[in-house]
Amino acid sequence: MQWTLVIPVKPLTRAKSRLADTAGDGVRPGLALAFAQDTVGAALACAAVSDVAVVTDDELAGRELAALGARIVPDPPGGGLNAAVVHGAAAVREMRPGAPVAALNADLPALRPAELSRVLAAAEEFPRAFLADTAERGTTLLAAAGDRALRPAFGIDSRSRHRASGAVELLLAGVDSVRQDVDTGADLRAALALGVGRYTAAASAGLLEATGEGTSARG
């Protein structure tokens, strides 16, 4: 089964406010873009993924992610995260009726294609399924079969809300890179320990060297 991934990317100047404990206002937009670049690059390298649709109205993010091979879907103004996911999924289904679709967070800088393949293979068994983040409160991936709507409920406590909506939680070991999203400095350090992609490694190198910490980039 070949999946299309919908990845929403908010305006970079408003992204990752909770990283303020680690990165200043001038640094966070670059980090948010780097996270998205590594996420999209790994997703496009996944054997189970046919294409990636990025929903954004940020010109820089759109340009850089299109250069990696993503299809850019303009984000309707003021709708928020869940509206962006619904909009992106509708655009995908218009071009590929009946296509299985999964919404993926844009802040998974340690994402590994093989681990994403495992998650998507597990999701094939259910009409709707989701993967919780490492904090076990949020969601990093929500998948729907070709004849089902995604019905996203991302945001605070999305794990419990997706479960309540009837989506099946995927309980998989060994897929840490698909679960490790980055909202805080502690999350970033955890992602770096897993081994991040080259964009995040470059964007975070000077930041963490200033605190005496290094970075770990995957090969």
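Note that the structure is a prediction, hence the values are computed from the model and not measured.
- One distance of note links CG of Leu131 with CD of Glu169; it measures 7.5 Å at 0.5 Å rounding.
- By the 30° and 60° cut-offs, the orientation of the rings of His162 relative to Phe130 is tilted.
- Val6 and Leu104 sit in two unconnected hydrophobic clusters of ILVMFWY residues. Membership requires side-chain heavy atoms under 4.5 Å apart, directly or through other members.
- When hydrophobic clusters are built by joining Ile, Leu, Val, Met, Phe, Trp and Tyr residues whose side-chain heavy atoms come closer than 4.5 Å, directly or via intermediates, Leu170 is grouped together with Leu5.
- A donor-acceptor pair under 3.5 Å is formed between the side chain of Asp38 and the backbone N or O of Thr200.
- Note that CG of Leu194 and CD of Glu115 are 8.0 Å apart. Values are rounded to the nearest 0.5 Å.
- Under the 4.5 Å side-chain criterion, counting only non-hydrogen atoms from C-beta, Val101 is in contact with Leu150.
- Residues Pro74 and Asp57 have side chains not in contact (no heavy-atom distance under 4.5 Å, counting atoms from C-beta outward).
- Val52 is not connected to Val73 by any chain of hydrophobic side-chain contacts under 4.5 Å among Ile, Leu, Val, Met, Phe, Trp and Tyr, and they are in different clusters.
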Please determine whether side-chain contact (heavy atoms from CB on, under 4.5 Å) holds for the pair Leu116 and Leu141, giving the CA-CA distance in whole Å, both sets of side-chain angles, and the decisive distance to 0.1 Å.
CA-CA 10 Å; Leu116 178 58; Leu141 179 141; 3.8 Å; yes
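- Annotation for Gly166 and Arg128: closest pair C-NH1, 3.9 Å, computed over non-hydrogen atoms.
- Using a 4.5 Å heavy-atom threshold, the side chains of Tyr199 and Val40 count as separate.
- Residues Ala201 and Val196 share a closest heavy-atom pair of N-CG2, 3.7 Å.
- Taking CG of Leu65 as the reference point, atom CG of Leu33 lies at 6.0 Å (rounded to 0.5 Å).
- Two residues are said to be in side-chain contact when any heavy atoms from C-beta on lie closer than 4.5 Å; Phe154 and Asn105 meet this criterion.
- A 4.5 Å side-chain heavy-atom check between Arg137 and Ile156 finds at least one atom pair inside the cut-off.
- Across all their heavy atoms, Leu192 and Ser204 have their closest contact at CD2-OG, 3.7 Å.
- Under the 4.5 Å side-chain heavy-atom criterion for ILVMFWY residues, no single connected hydrophobic cluster contains both Ile7 and Val85.
- In this structure, CG in Leu12 is found 10.5 Å from CG in Leu31, a value given to the nearest 0.5 Å.
- Counting heavy atoms from C-beta outward, Thr56 and Ile72 have side chains that approach closer than 4.5 Å.
- For Glu124, the CD atom sits in a packed shell: over 12 heavy atoms of surrounding residues, nucleotides or ligands are nearer than 6.0 Å.
- Rounded to the nearest 0.5 angstrom, Thr134 OG1 and Gln180 CD are separated by 4.0 Å.
- Taking hydrophobic clusters as Ile, Leu, Val, Met, Phe, Trp and Tyr residues chained together by side-chain heavy-atom distances below 4.5 Å, Leu44 shares a cluster with Leu120.
- One finds the CG atom of Asp51 at 9.5 Å from the CD atom of Gln2 (value rounded to the nearest 0.5 Å).
- The heavy-atom pair separating Ala110 from Ala191 by the smallest distance is CB-O, 3.9 Å.
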